[in-house]
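Read through the structure below, which is laid out as structure tokens, and then see the notes.
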Amino acid sequence: MKINRSFLELNLAIIFLSTSGVFGRPILMTPTLTIWWRCAIAMTIMLGFVKWMKYDLKIKRRSHYSIIFISSFLLAAHWVSYFYSLSLSNIAIALITLHTFPAMTAILEPIILKTKFKLYHIGLSLMIIAGLYIILPKGEENQHIIPGIIAGLISALTYALRNIYTRKVITDYNGSVMMLYQLIIMTILLVPFLFIESNATFHIDWPYILGVAILTTCLGHTLFVQN
């Protein structure tokens, strides 16, 4: 039953995570402001949920502070670069480049976590890279989407690194609690952009921001971290 439940939750997580492009593409705010509002709203919801469920919010070990901070910084970089990819190209390009993260994870995880390389993981990674090369548009008429591709690959890299670092401590925490930690840190890290960006308080795409905060973040990322 545990395996079946984990499989179901992981598939639900992928469905919810896939809403990021649908909700994110129509948002007119800059990526940094979009992510700040996303984090602030999701943080508020997650805090209420964690308090309601009476989960333990205490950080277990001193060494976990740095790991949680690094994983939060990487998640913020992942979200911001992904939204830049959306704005510089389109949903298809952003999603295709983002989903190279399993290949990056297969290569980086053994190095960072000091585990054994698995040959079939390397083979699958090479297949993903080859598939990416085949699928992505080429030619001079498509040169304008190159910045979007680069932003998408940066998003994939930071997402892979975030997942690896989170894995170091996730067994000690509930998935909702870990997500709340990261949302709090990201909200604080992105506060300066409220003052740097001129349209911080004048134009907020509420329906799309709420969609990406609730469905993509609170449901999708929490379920993904949990599994």
Side-chain angles (χ1 to χ4, degrees), residues 1-14 16-17 20 32 35-82 98 101-118 121 154-193 213-214 216-227:
M1 288 299 294
K2 184 178 180 181
I3 295 174
N4 291 338
R5 179 177 176 179
S6 296
F7 181 78
L8 177 61
E9 288 180 351
L10 187 59
N11 278 274
L12 284 173
I14 298 300
F16 288 128
L17 287 172
S20 61
T32 45
I35 299 308
W36 186 87
W37 281 105
R38 174 185 184 176
C39 291
I41 294 168
M43 177 190 68
T44 305
I45 295 170
M46 290 300 298
L47 180 60
F49 176 74
V50 167
K51 288 288 188 181
W52 180 56
M53 295 297 293
K54 297 181 180 179
Y55 290 139
D56 183 12
L57 284 169
K58 185 179 179 180
I59 295 179
K60 306 294 192 271
R61 302 174 190 173
R62 183 176 293 182
S63 60
H64 290 181
Y65 282 92
S66 60
I67 296 173
I68 292 171
F69 179 83
I70 291 170
S71 66
S72 302
F73 176 83
L74 289 168
L75 184 57
H78 156 61
W79 282 353
V80 170
S81 55
Y82 175 69
L98 168 61
F101 80 87
M104 298 181 184
T105 302
I107 295 170
L108 294 171
E109 185 176 77
I111 298 172
I112 296 172
L113 299 184
K114 295 179 172 58
T115 58
K116 289 184 67 175
F117 277 97
K118 294 182 180 178
H121 282 173
I154 292 171
S155 179
L157 175 61
T158 50
Y159 191 43
L161 289 171
R162 176 260 185 170
N163 292 339
I164 293 169
Y165 274 95
T166 300
R167 199 168 299 167
K168 289 183 174 184
V169 297
I170 190 58
T171 54
D172 293 322
Y173 301 93
N174 175 272
S176 299
V177 173
M178 178 57 66
M179 195 69 229
L180 177 61
Y181 291 154
Q182 295 178 338
L183 287 167
I184 291 171
I185 293 170
M186 287 189 291
T187 302
I188 296 170
L189 286 174
L190 293 171
V191 161
F193 291 97
I214 297 170
T216 311
T217 307
C218 291
L219 294 176
H221 276 277
T222 301
L223 285 171
F224 191 82
V225 168
Q226 187 85 10
N227 291 278

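Values reported hereafter were calculated over all heavy atoms of this structure, with side chains retained and with hydrogens, waters and symmetry mates removed.
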Indicate every side-chain donor-acceptor pair of residues 46-57 with a distance under 3.5 Å to a residue at least two apart or in another chain.
residue, atom, partner, partner atom, Å
D56, OD1, K58, N, 3.1
D56, OD2, K60, NZ, 3.4

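- Rounding to the nearest 0.5 Å places CE of M43 at 10.5 Å from CE of M186.
- Checked against side-chain hydrogen bond (donor to acceptor under 3.5 Å, both in side chains), Y181 has no partners two or more places apart in sequence or in another chain.
- For T216, the side-chain hydrogen bond (donor to acceptor under 3.5 Å, both in side chains) criterion is met by T19, not counting sequence neighbours.
- Here the two rings, on H78 and F101, have centers that are 6.0 Å apart or farther.
- For the atom pair I164 CD1 and L108 CG, the distance stands at 5.0 Å (nearest 0.5 Å).
- Residues F69 and I185 are in side-chain contact: their nearest non-hydrogen atoms beyond the backbone lie under 4.5 Å apart.
- Between the CD1 atom in I188 and the CD1 atom in I184 there is a gap of 7.0 Å [rounded to 0.5 Å].
- Distance check: M178 CE to I170 CD1 gives 4.5 Å after rounding to the nearest 0.5 Å.
- Partners of S71 under the side chain to side chain contact (heavy atoms under 4.5 Å, CB included) rule, at least two apart in sequence or in another chain, are R162, Y165, T166, Q182.
- For A40, the side chain to side chain contact (heavy atoms under 4.5 Å, CB included) test picks out W36, T187, with sequence neighbours left out.
- Scanning for side-chain hydrogen bond (donor to acceptor under 3.5 Å, both in side chains) contacts around S72 gives an empty result, with sequence neighbours left out.
- Atom OG1 of residue T105 and atom CG of residue L113 lie 10.0 Å apart, to the nearest 0.5 angstrom.
- The shortest non-hydrogen separation linking A160 to M104 is CB-CB, 4.0 Å.
- Considering every non-hydrogen atom in both S81 and T158, the closest pair reads OG-OG1, 4.2 Å.
- How far CG of L98 is from OG of S20: 7.0 Å, rounded to the nearest 0.5 Å.
- The shortest non-hydrogen separation linking Y173 to R61 is OH-N, 4.1 Å.
- Annotation for A13 and G220: closest pair CB-O, 3.5 Å, computed over non-hydrogen atoms.
- Between T217 and I41, every side-chain heavy-atom pair lies at or beyond the 4.5 Å cut-off.
- Contact check for L75 versus M179: side-chain heavy atoms found under the 4.5 Å cut-off.
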